[in-house]
**Student:** 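Before anything else, here's the structure in question.
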Amino acid sequence: MEEMVVTEAVAKDSHFTSPSTRLKRAEIERQNAQTTEEAVKYQPSLQIRQRYIGDPNGVLGIRGADMFSTARNMVYADGLPLHNQLQFSFNGAPRWSMVGPNEIDAVDVVYGPFSAEYSGNSIGGVVNIKTHMPMKEEYYAEASYFAQPWENLGADSGNFDGNRQFFSYGNRLDDWSVLLSYNRLEAESQPMSYFIDNTGLGNPTGAQTPVSGAVPVLDTRGTPSYIYGDTGPELVNTDLVKLKLGYDITPDLQAIFTGAFEERTRKATDPRNYLTSASGAYFGDGNTNSRDAVFSGRTFNVLNSGFGPSEDERQTMQIGMQLKGAISERWDIDTTFSYLDVIKDERRTAFFSPNDPRNQDTGQLQVFDDFNWKNYDLKLSTRELFGWKPLEFLTGYHFDNYNLDFKQFSFNSYNGNRVGPETVSRRNQGEVTTNAFFGQFAYHFAPDWDLTLGARYEWWLASSGVGSNTPLPDRSDDAISPKASLGFEPGPWKFRYSFGRAYRFPVIAEMYQNLSTPTSLTTANASLKPEDGWHHNFMIEYGLNSGYVRVNVFRDDIRNTIQQVRRASGILTENAFQNIPATSTTGVELIYDQQRVLGSDFDLNFNATWMNAIVEDGGPDLFFREANGTNTRFNLTGKQRIRLPEWRFNALATYHVSEVWDVSMAGRYTNDSFNDIDNNDNVNNVFGSQDGFFFLDFKTSYRFKYDLLGKPAKSRVSFGINNLTDKTAYVFHPYPQRTFFVEGAISF
């Protein structure tokens with residue numbers, strides 16, 4: 001007989017009042033998932049903006065939370081928060097890379113703020129990652145290689161590749177268990193951004209330099225423009241070392257310590273210039289306001305500052321302690337302490353290409369070192385309050401503290417790494433602390449019926465705020481968020497209505513962090529009000545053999561929506577944070593998930609979402625400064641919310657050719673959306689647009705069983721292709737084109 005290992009199933013969370021989906025390890029292995037965030041990319045009403053494998057800005061959007069509303073979604077790994085509530089927008093992505101994809105046993109995606117367990121940062125949803133702990137001695141190793149032939153605009157072409165390795169050792173000795181793992185990723189991206197002059201093309205005066213190589217395009221607002229270069233490939237390296245140590249205090253109560261250290265580097269050392277003149281490569285005249293080049297009879301402006309190389313280096317440590325299980329015959333505990341510290345985070349940017357005759361070897365250094373967050377959660381629950389079986393009870397306390405201290409310096413010599421004085425006007429810092437208490441009763445008042453009532457009280461304090469080196473007054477606020485859910489589950493059917501009130505307080509970057517680069521300026525707003533939302537979900541589900549069919553109808557109404565608004569385009573793009581008086585999201589979600597469909601050898605997971613996200617009340621008129629310098633006046637009322645597509649479809653189908661061989665095909669579809677709040681960016685399939693796309697992904701795996709060193713062993717070899725039809729699409733930046741994968745794994 002073959003050896004059989006029986007392990008306890010991964011327990012479901014207690015947030016049954018919220019619609020949720022579960023993704024298991026076997027399903028993740030059927031995807032070309034080189035990073036943790038890729039594991040959830042086919043889940044309902046969810047979108048990951050992963051521009052390339054290893055992207056540090058892999059932002060997450062769930063339901064009515066767009067991909068840049070990062071503070072509306074939460075991500076946990078074994079109770080340790082990975083969501084970044086210091087920052088917002090593209091740089092507020094969860095710290096996905098603190099978890100290796102091979103660590104994952106299961107992922108739950110919880111939709112909406114319908115459980116008192118979670119703060120208003122769950123407006124979109126919560127991703128709960130459960131990682132592996134061994135039941136016996138085990139070794140695991142996996143290696144992969146991937147390659148992307150790339151060809152897009154003008155001189156933008158190349159072959160970009162990468163590789164990944166994962167190793168782990170686990171063991172269990174009596175009451176102790178240990179897992180030590182190492183994850184390494186090296187990846188090279190396609191160019192992320194293009195250098196474009198969309199300020200309006202002019203007529204030659206004879207003072208301009210004739211050039212060749214420019215690419216005529218339209219920008220997203222229909223302005224005839226020229227692209228004259230790109231940022232070149234980005235090379236990313238990450239190394240993650242993690243130790244998990246568990247101890248069984250009793251057979252039903254376990255303590256787990258987690259320690260992780262990650263080092264990440266990113267280099268973009270070769271921005272590419274498409275332009276040549278009679279004298280060679282043309283980098284511009286150093287004047288940001290003059291049209292200095294002429295191509296095909298039209299003049300345009302070339303910015304020297306765009307061609308400068310850049311590089312980042314980041315070191316992060318996370319430690320955590322979790323105690324989870326039964327503390328008595330009727331009561332369970334789940335308590336977690338965690339601390340994440342950014343030991344080092346420096347971003348260097350040169351203002352000139354080394355090949356530019358006007359190169360002054362200047363640049364800037366941005367220092368994000370003093371970033372950290374501390375979290376503590378205590379949850380106590382019982383399925384029989386006072387010994388009465390119809391009544392369940394959950395209560396708890398939450399504490400978090402987030403700290404940001406940002407400094408910016410100039411370089412006296414970028415190549416010589418000689419740092420000059422601090423740019424004091426860019427100094428930003430702040431601290432945010434939240435205390436919360438919550439309770440939730442579930443009353444099973446009749447056969448197949450339950451009523452859940454709960455509430456969460458939060459007290460929020462923002463202190464030590466400094467914006468552009470200006471001290472800002474402390475702020476405090478508090479809120480009570482009621483929750484309610486009514487469920488009826490006769491036989492294979494489930495019906496549930498859930499309601500939740502949720503407050504989402506501003507994060508530090510929204511209030512205090514002003515950032516500048518040679519081409520962009522972001523302005524914080526210390527007076528932002530908290531988002532105040534009313535949220536509803538009605539679910540109908542029918543259980544199938546090894547699966548289910550589910551429909552969710554949801555509605556979100558939010559007052560004082562916090563939005564990063566682009567207010568100027570052109571040579572210098574300007575963004576600022578503001579409150580929008582009222583927005584709404586109405587959606588319908590369909591899920592079909594079943595293994596061995598109709599007794600066949602097919603597994604199918606299909607989901608579709610229709611969503612209408614609009615501004616109900618836009619407040620006073622706003623002005624947008626077009627790239628050509630003119631001002632456009634508009635009102636937000638009735639506009640579509642940005643970066644929120646109306647339609648999304650995902651499907652993952654697997655055919656089990658035999659017990660050891662399977663073939664999977666997956667599809668991801670989303671229609672286009674707006675990037676500008678005035679909805680006048682109507683040109684698609686261009687740099688800067690939020691395109692619709694349909695990507696087909698393929699993977700096949702073959703497994704072997706044998707003996708190795710006297711132990712039963714298993715191996716797997718896989719081949720895959722993402723974006724099978726080689727589509728080109730933009731999420732402002734270009735998505736990857738067709739990418740090939742080869743993967744091998746062994747465990748014993």
Side-chain angles (χ1 to χ4, degrees), residues 3 5-11 23-29 33-37 39 75-82 95-108 127-144 164-185 238-263 316-325 334-340 708-709 711-716 743-748:
E3 178 186 14
V5 178
V6 179
T7 62
E8 182 183 3
V10 180
L23 180 69
K24 297 180 181 178
R25 175 73 226 163
E27 296 170 271
I28 297 173
E29 287 191 355
Q34 300 297 309
T35 60
T36 295
E37 62 267 40
V75 179
Y76 291 92
D78 301 318
L80 309 186
L82 302 181
R95 296 298 173 95
W96 300 103
S97 54
M98 298 303 290
V99 175
N102 300 99
E103 296 181 56
I104 301 172
D105 271 349
V107 182
D108 288 334
V127 176
N128 281 317
I129 301 170
K130 318 291 184 182
T131 67
H132 182 65
M133 284 298 282
M135 301 300 293
K136 60 183 181 65
E137 185 177 31
E138 59 182 43
Y139 298 84
Y140 185 88
E142 180 172 304
S144 60
R164 187 179 70 88
Q165 297 83 41
F166 177 85
F167 306 96
S168 69
Y169 167 75
N171 205 350
R172 184 175 178 88
L173 299 171
D174 297 325
D175 295 330
W176 291 90
S177 55
V178 62
L179 185 69
L180 179 64
S181 64
Y182 170 65
N183 189 73
R184 177 187 179 276
L185 174 69
T238 65
D239 293 274
L240 173 67
V241 179
K242 180 175 287 189
L243 171 67
K244 292 180 65 181
L245 186 64
Y247 177 69
D248 293 346
I249 301 171
T250 71
D252 300 315
L253 181 64
Q254 185 181 45
I256 298 179
F257 165 82
T258 301
F261 174 79
E262 181 203 37
E263 184 168 32
T316 306
M317 176 192 69
Q318 185 175 39
I319 57 174
M321 179 66 75
Q322 183 180 44
L323 180 66
K324 187 173 184 177
D334 184 355
T335 182
T336 305
F337 165 78
S338 68
Y339 174 65
L340 186 142
L708 179 65
L709 303 176
K711 287 186 171 184
K714 295 185 293 185
S715 290
R716 172 177 54 86
E743 189 174 85
I746 180 172
S747 61
F748 61 94

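Every heavy atom of this structure was used, including side-chain atoms; hydrogens, water molecules and symmetry mates were not.
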**Student:** Do the side chains of L323 and I249 get nearer than 4.5 Å, heavy atoms only?
**Tutor:**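 Contact flag for I249/L323 side chains = yes.
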
**Student:** Please report the closest heavy-atom contact between L80 and F337, naming both atoms and the distance.
**Tutor:** CD2-O, 4.1 Å

**Student:** I'd like to know if K711 and E137 make a salt bridge, using a cut-off of under 4.0 Å between side-chain N and carboxylate O.
**Tutor:** yes

**Student:** Drop me the distance from F167's CZ to N183's CG, to the nearest 0.5 angstrom.
**Tutor:**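 Between atom CZ of F167 and atom CG of N183 there are 10.0 Å.
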
**Student:** Can you name the closest pair of heavy atoms from I746 and S715 and give their distance?
**Tutor:** CG1-OG, 3.7 Å

**Student:** Tell me whether E103 is salt-bridged to K244, with the criterion being a basic N under 4.0 Å from an acidic carboxylate O.
**Tutor:**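 Looking at K244 together with E103, the answer is no, because their closest N to O distance does not fall below 4.0 Å.
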
**Student:** Which heavy atom of G170 sits nearest to which heavy atom of L179, and what is that distance?
**Tutor:**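 Heavy atoms only, the tightest pair is CA-CD1, 3.9 Å.
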
**Student:** Within the 4.5 Å heavy-atom criterion, are W176 and L245 side-chain neighbours or not?
**Tutor:**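 The answer is yes, as the side chains (C-beta and beyond) meet within the 4.5 Å cut-off.
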
**Student:** Parallel, tilted or perpendicular, judged at 30° and 60°: which one describes the rings of Y169 and Y139?
**Tutor:**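 Geometry flag for Y139 against Y169: tilted rings.
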
**Student:** Can you list everything that forms a side-chain contact (heavy atoms from CB on, under 4.5 Å) with L180? Sequence neighbours excluded, please.
**Tutor:**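 Once residues adjacent in sequence are excluded, the partners of L180 under the side-chain contact (heavy atoms from CB on, under 4.5 Å) criterion are L243.
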
**Student:** Looking only at heavy atoms, which two atoms of A77 and V99 are closest? And how far apart?
**Tutor:**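 A77 and V99 have their closest heavy atoms at CB-CG2, 3.6 Å.
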
**Student:** Can you find a heavy atom in the side chain of L82 that is under 4.5 Å from one in the side chain of Q318?
**Tutor:**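 Result yes, sub-4.5 Å side-chain heavy-atom pair found.
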
**Student:** With heavy-atom distances below 4.5 Å as the criterion, would you say the side chains of I104 and I28 are in contact?
**Tutor:**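 Result yes, sub-4.5 Å side-chain heavy-atom pair found.
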
**Student:** Rounded to the nearest 0.5 Å, how far does OG1 of T258 lie from CD1 of I319?
**Tutor:**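 Reported to 0.5 Å precision, the distance equals 10.5 Å.
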
**Student:** Do Y339 and M317 have side-chain heavy atoms sitting under 4.5 Å apart?
**Tutor:** yes

**Student:** What's the spacing between L340 CG and E262 CD if we round to 0.5 Å?
**Tutor:** 9.5 Å

**Student:** Using a 4.5 Å cut-off on heavy atoms from C-beta on, say whether the side chain of Q322 contacts that of D334.
**Tutor:**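 Yes. Closest side-chain heavy atoms under 4.5 Å.
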
**Student:** To the nearest 0.5 Å, tell me how far H132 NE2 sits from S181 OG.
**Tutor:** 10.5 Å

**Student:** Closer than 3.5 angstrom, by distance alone: can the side chain of E27 be matched with the main-chain N or O of K24 as a donor-acceptor pair?
**Tutor:** yes

**Student:** Could you check whether any side-chain N or O of D108 sits under 3.5 Å from a backbone N or O of N128, counting only pairs where one atom can act as donor and the other as acceptor?
**Tutor:**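 Checking the backbone N and O of N128 against the side chain of D108, no donor-acceptor pair under 3.5 Å is found.
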
**Student:** Have E138 and Y140 got a donor and an acceptor in their side chains that come within less than 3.5 Å?
**Tutor:** no

**Student:** Would you check if S177 and D248 make a side-chain contact, meaning some heavy-atom pair closer than 4.5 Å?
**Tutor:**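 No, every pair of side-chain atoms sits at 4.5 Å or beyond.
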
**Student:** I'd like to check the side-chain contact (heavy atoms from CB on, under 4.5 Å) partners of E263; sequence neighbours left out, ordered by chain and number.
**Tutor:** F261, E313, Q315

**Student:** Test your reading of the model: is there a side-chain donor-acceptor pair from K242 to the backbone of M98, 3.5 Å cut-off?
**Tutor:**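 Side chain of K242 to backbone of M98, a donor-acceptor pair under 3.5 Å: yes, one is there.
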
**Student:** To the nearest 0.5 Å, what is the distance between CD (Q165) and CD (E142)?
**Tutor:** 10.0 Å

**Student:** Apply the test side chain to side chain contact (heavy atoms under 4.5 Å, CB included) to residues R25 and N102: give CA-CA distance (whole Å), side-chain angles for both, the deciding distance (0.1 Å), then the verdict.
**Tutor:** CA-CA 8 Å; R25 175 73 226 163; N102 300 99; 3.7 Å; yes

**Student:** Considering only heavy atoms from C-beta outward, does the side chain of M133 approach that of D78 to under 4.5 Å?
**Tutor:** no

**Student:** Which atoms form the tightest heavy-atom contact between P101 and Q34, and what is the distance?
**Tutor:**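 Taking P101 first and Q34 second, the nearest heavy atoms are CG-O, 3.6 Å.
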
